[in-house]
Amino acid sequence: MTSLQYNRQLPNTLALPCAADTLCVSGIEQARDAVRLARALGRSLLPLGEGSNVVLPGALQGIALYVTDKSVHEVGRDNEFVTLRVGAGHAWHAFVCTTVAEGYVGLENLALIPGTVGAAPIQNIGAYGREVAAFIDAVHGVDLHSGDSRSLNAAQCEFSYRHSVFKGALRDRFLICAVDFRLSKHAALDTHYPALATQLDGQAPLSAQQVLDAVVALRRQRLPDPELEPNVGSFFKNPVVDATWLRNVDGGTRMPQYPQPDGRIKLSAAWLIDHCGLKGLREGGACIASRHALVITNRGGATQRDVLTLAERVVHAVQQRYGLTLEMEPRVYGDA
Ligand code: FAD
Ligand code: NAP
């Protein structure tokens with residue numbers, strides 16, 4: 001374990017200034033040491049990765065805790081599947097590229113999502129019709145209250161749409177140190193997502209590498225690059241409504257609608273925000289991206305308060321026009 005580093009600026013893709021004391025651990029044993037140290041100091045530990053799904057305050061009270069392990073080990077194999085154990089500190093996109101280059105199918109739709117492997121289970125990252133939950137066999141880590149190591153199987157992770165037990169009962173309570181992925185070379189590709197199908201038009205036979213390349217090209221066209229326009233991706237979750245709601249709301253029948261297995265209908269939060277005329281709306285240094293209505297960018301000098309005030313204005317406008325309350329996707333820390 002590294003020694004406690006005081007008052008460090010935390011990396012985050014919204015480029016918000018945030019100072020905190022930090023600790024880095026390589027894996028489970030060092031994480032248990034970190035729990036003992038934090039307990040002795042009377043401080044809390046806050047797990048973080050690359051900061052691509054967080055809205056940070058100027059100063060964080062707890063100790064920011066990072067896992068540095070980037071290892072990849074094969075821990076199981078049968079006729080069909082291989083199981084890979086990946087350190088939480090491994091970069092997500094690099095891991096996806098490695099699996100596809102080695103001939104495994106499954107993670108290609110999730111290419112170019114920023115962040116670490118350890119954060120992928122937290123909100124069950126998803127894109128272009130796939131969610132990571134479908135490929136996770138187990139999650140290994142440490143309970144930050146008791147200091148005990150623990151492994152959860154996929155059912156215990158309680159994955160659902162952009163959600164898991166790590167955002168629920170185990171929020172701030174469990175440090176993920178490694179994730180087991182179960183992958184096959186013979187799984188089917190999934191290119192039903194309309195934008196992806198259009199991007200791939202004319203390419204046959206398809207390989208996972210072709211799907212990955214198409215996803216990367218699509219994302220580069222459509223999404224603001226955090227290196228150039230700091231952001232945390234989608235700022236709001238897509239709302240899910242009953243069919244009766246759609247029939248009753250003004251303009252409901254014209255909205256893009258995605259039926260869910262439970263009979264309800266998912267709407268596009270980006271479409272709702274766009275149709276409230278909010279693209280380009282600014283609050284201090286924070287701005288609704290003109291390229292994508294679901295993305296809040298830091299145009300320079302934004303504070304957490306700017307970002308949250310802008311988000312509140314968006315929630316209010318959508319509430320006024322459609323009677324729907326948008327829910328934020330990134331995790332907000334501390335007081336603005
Ligand atoms: P952080 O932002 O640092 O942390 C996020 C949460 O995970 C925090 O609550 C933190 O406590 C927790 N956490 C992080 N590491 C650990 C750990 N080791 N143990 C326990 N808890 C931990 N998300 C999608 O689902 N789909 C997308 O397509 C997508 N596209 C994006 C595009 C852009 C341009 C950006 C900026 C973001 C996008 N995101 C997307 C959101 C984000 O990339 C993911 O949620 C990612 O998994 C966050 O990883 P991170 O390492 O940056 O985590
Ligand atoms: P898009 O293709 O413009 O579609 C807008 C929204 O409609 C998406 O959010 C998507 O929901 C939904 N959608 C479209 N077609 C769908 C279908 N056939 N079935 C179900 N839902 C459908 O989306 P985009 O903004 O360019 O993003 C492309 C993909 O990358 C999406 O899957 C999106 O979730 C993901 N992404 C996520 C983040 C993030 O931070 N969470 C950031 C960038 C991109 P879903 O979001 O449920 O897929």
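Each residue takes its place number in the sequence, starting with 1. Counting starts at 1 for both ligands and their atoms, in listed order.
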Study note, to complete from the structure: One finds that the ligand 2 atoms under 4.0 Å from a non-hydrogen atom of Arg219 are 30 (O), 43 (C), 44 (C)

Point to revise | Interatomic spacing from CG in Leu46 to CG in Leu56 - rounded to 0.5 Å | key: 10.0 Å

Point to revise | Proximity of Pro114 to ligand 1 by residue part, where a heavy atom lies under 4.0 Å | key: both

Review point. Of all the atoms in ligand 1, which lie at a distance below 4.0 Å from a heavy atom belonging to Thr13?
Key: 36 (C)

Exercise for review: Considering only non-hydrogen protein atoms, determine which one is nearest to atom 48 (C) of ligand 1 and report residue, atom name and distance to 0.1 Å.
Suggested key: Ser52 OG, 3.2 Å

Check your understanding: Salt bridge between Lys237 and Glu329, side-chain N to carboxylate O under 4.0 Å?
Key -> no

Check your understanding: Which ligand 1 atoms, with their elements, are less than 4.0 angstrom from a heavy-atom of Val54?
Key -> 2 (O), 4 (O), 5 (C)

**Study point:** Flag if over 12 foreign heavy atoms under 6.0 Å of CD, Glu227
**Key:** no

Exercise for review: Heavy-atom distances under 4.0 Å are what count here, so tell me which part of Asn231 touches ligand 1: side chain, backbone, both or neither.
Suggested key: both

Practice item. Give the residue and atom name of whichever protein heavy atom lies nearest to atom 33 (C) of ligand 2, and the separation in Å to one decimal. Key: Arg162 NH2, 4.0 Å

Exercise for review: Find all atoms of ligand 2 within a distance of less than 4.0 Å from any non-hydrogen atom belonging to Pro194, and give their numbers and elements.
Suggested key: 15 (N), 18 (N)

Point to revise | Per-atom contacts of ligand 1 with Thr116, taking only distances under 4.0 Å to non-hydrogen atoms | key: 49 (O), 50 (P), 51 (O)

**Study point:** Pair Asp274 + Lys279: basic N to acidic O under 4.0 Å
**Key:** yes

Point to revise | Audit row: Arg171, Arg331, side chain to side chain contact (heavy atoms under 4.5 Å, CB included) steps and yes/no | key: CA-CA 11 Å; Arg171 185 176 124 135; Arg331 170 77 188 277; 3.3 Å; yes

Revision key, fill the gap. closest protein heavy atom to atom 47 (O) of ligand 2 is Lys266 NZ, 2.5 Å

Exercise for review: Of the side chain and backbone of Phe174, name the one, both, or neither that has a heavy atom under 4.0 Å from an atom of ligand 1.
Suggested key: backbone

Exercise for review: Check whether any heavy atom of Leu223 sits under 4.0 Å from an atom of ligand 1.
Suggested key: no

Exercise for review: Could you tell me whether Arg299 atom CZ has more than 12 heavy atoms of other residues or ligands within 6.0 Å of it?
Suggested key: no

Revision key, fill the gap. Among non-hydrogen protein atoms, atom 39 (N) of ligand 1 lies closest to Ile113 CG2, 4.1 Å

Check your understanding: Nearest to atom 1 (P) of ligand 1, what protein heavy atom do you find, and at what distance?
Key -> Gly51 N, 3.6 Å

Check your understanding: Okay, side chain of Trp92, backbone of Leu110: is any donor-acceptor separation there less than 3.5 Å?
Key -> yes

Check your understanding: Got a salt bridge between Arg291 and Asp225, using NZ or NE/NH1/NH2 to carboxylate O under 4.0 Å?
Key -> no

Point to revise | Under 4.0 Å to a heavy atom of Leu223 - the qualifying atoms of ligand 2, by number | key: 43 (C), 44 (C)

**Study point:** Those atoms of ligand 1 less than 4.0 Å from some heavy atom in Gly49
**Key:** 1 (P), 3 (O), 14 (C), 15 (N), 51 (O)

Exercise for review: Establish whether Phe81 and Leu189 are linked, either directly or via other cluster members, by ILVMFWY side-chain heavy-atom contacts under 4.5 Å.
Suggested key: no

Exercise for review: Tell me which protein heavy atom sits closest to atom 31 (C) of ligand 1, plus the residue, atom name and distance to 0.1 Å.
Suggested key: Arg219 NH2, 3.4 Å

Check your understanding: Is it the side chain (CB and beyond), the backbone, both or neither of Ile125 that lies under 4.0 Å from ligand 1, heavy atoms counted?
Key -> both

Check your understanding: At what distance is the nearest protein heavy atom to atom 19 (N) of ligand 1, and which residue and atom is it?
Key -> Ile176 N, 2.8 Å

Revision key, fill the gap. Per-atom filter on ligand 1: closer than 4.0 angstrom to a heavy atom of Gly126 are 24 (C), 25 (O), 26 (N), 27 (C), 28 (O)

Exercise for review: For atom 1 (P) of ligand 2, grab the closest protein heavy atom and report residue, atom and distance to one decimal in Å.
Suggested key: Tyr193 OH, 3.3 Å

Practice item. Please say which of Glu131, Glu158, Arg162 ends up in a side-chain hydrogen bond (donor to acceptor under 3.5 Å, both in side chains) with Asn124. Key: Glu131

Show which side-chain atoms of residues 256-264 pair as donor or acceptor with protein atoms under 3.5 Å away, not counting sequence neighbours.
residue : atom : partner : partner atom : Å
Gln257  : NE2  : Gly252  : O            : 3.2
Gln257  : NE2  : Met255  : O            : 3.4
Gln260  : NE2  : Tyr258  : O            : 2.9
Asp262  : OD1  : Arg264  : N            : 2.9

Review point. Of all the non-hydrogen atoms in the protein, which one sits nearest to atom 32 (O) of ligand 2, and at what distance?
Key: Tyr128 N, 3.0 Å

Review point. If hydrogens are left out, which of Arg222, Glu329, Glu131 has an atom nearest to atom 26 (O) of ligand 2, that is, the closest non-hydrogen atom?
Key: Arg222

Review point. Among protein heavy atoms, which lies nearest atom 23 (N) of ligand 1, and at what distance?
Key: Gln123 NE2, 3.0 Å

Review point. Of the protein's non-hydrogen atoms, which lies at the shortest distance from atom 12 (C) of ligand 2, and what is that distance?
Key: Tyr258 CE1, 3.4 Å

Practice item. Give a yes or no on whether the backbone of Glu283 and the side-chain of Arg313 come within a donor-acceptor separation of less than 3.5 Å. Key: no

**Study point:** Atoms in ligand 1 with a heavy atom of Ala127 nearer than 4.0 Å
**Key:** 28 (O)

Practice item. Answer yes when Asp180 and Arg85 have at least one side-chain N-carboxylate O distance shorter than 4.0 Å, and no when they do not. Key: yes

Exercise for review: State the atoms of ligand 1, each with its element, that fall below the 4.0 Å cut-off from a heavy-atom position in Tyr333.
Suggested key: 8 (C), 9 (O), 10 (C), 11 (O)

Exercise for review: Indicate if Phe174 and Leu48 have the same hydrophobic cluster label, given that clusters are the connected sets of ILVMFWY residues with side-chain heavy-atom separations under 4.5 angstrom.
Suggested key: no

Check your understanding: Salt bridge between Asp21 and Arg8, side-chain N to carboxylate O under 4.0 Å?
Key -> no

Review point. What is the nearest protein non-hydrogen atom to atom 11 (O) of ligand 1, stated with its residue, atom name and distance?
Key: Pro47 O, 2.7 Å

Point to revise | Ring-ring centroid check Phe181 Phe135, cutoff 6.0 Å | key: no

Review point. Gly115 heavy atoms, cut-off 4.0 Å: which ligand 1 atoms fall inside?
Key: 49 (O), 50 (P), 51 (O), 52 (O)

Exercise for review: Decide whether an N or O pair under 3.5 Å exists between Ser268 and ligand 2.
Suggested key: no

Check your understanding: Which is it for Asn238 and ligand 2 at heavy atoms under 4.0 Å: side chain, backbone, both or neither?
Key -> side chain

Review point. Counting heavy atoms only, which part of Asn53 comes closer than 4.0 Å to ligand 1: side chain, backbone, both or neither?
Key: both

**Study point:** Ligand-residue contact atoms, ligand 2 with Gly233, heavy atoms, under 4.0 Å
**Key:** 40 (O)

**Study point:** Expected output: side-chain His73 to main-chain Val75 donor-acceptor under 3.5 Å
**Key:** no

Point to revise | For atom 21 (N) of ligand 1, closest protein heavy-atom neighbour | key: Ile122 CD1, 3.3 Å

Study note, to complete from the structure: A student comparing Ala293, Ala127, Gly115 should find that the heavy atom closest to atom 30 (O) of ligand 2 comes from Ala127

Review point. Considering only the protein, which heavy-atom contact is closest to atom 37 (C) of ligand 2, and what is its distance?
Key: Ser234 OG, 3.6 Å

Point to revise | Donor on one side chain, acceptor on other, Asp69 and Ser71, under 3.5 Å | key: yes

Check your understanding: Short list, please: which atoms of ligand 2 are under 4.0 Å from a heavy atom of Tyr161?
Key -> 45 (P), 46 (O), 47 (O)

Practice item. Verify, without hydrogens or angle tests, whether Asn298 (side chain) and Ala302 (backbone) share a donor-acceptor contact under 3.5 angstrom. Key: yes

Revision key, fill the gap. A student checking ligand 2 against His292 at a 4.0 Å heavy-atom cut-off should list atoms 24 (P), 25 (O)

Practice item. Give a yes or no on whether His316 atom NE2 has more than 12 heavy-atom contacts from other residues, nucleotides or ligands under 6.0 Å away. Key: no

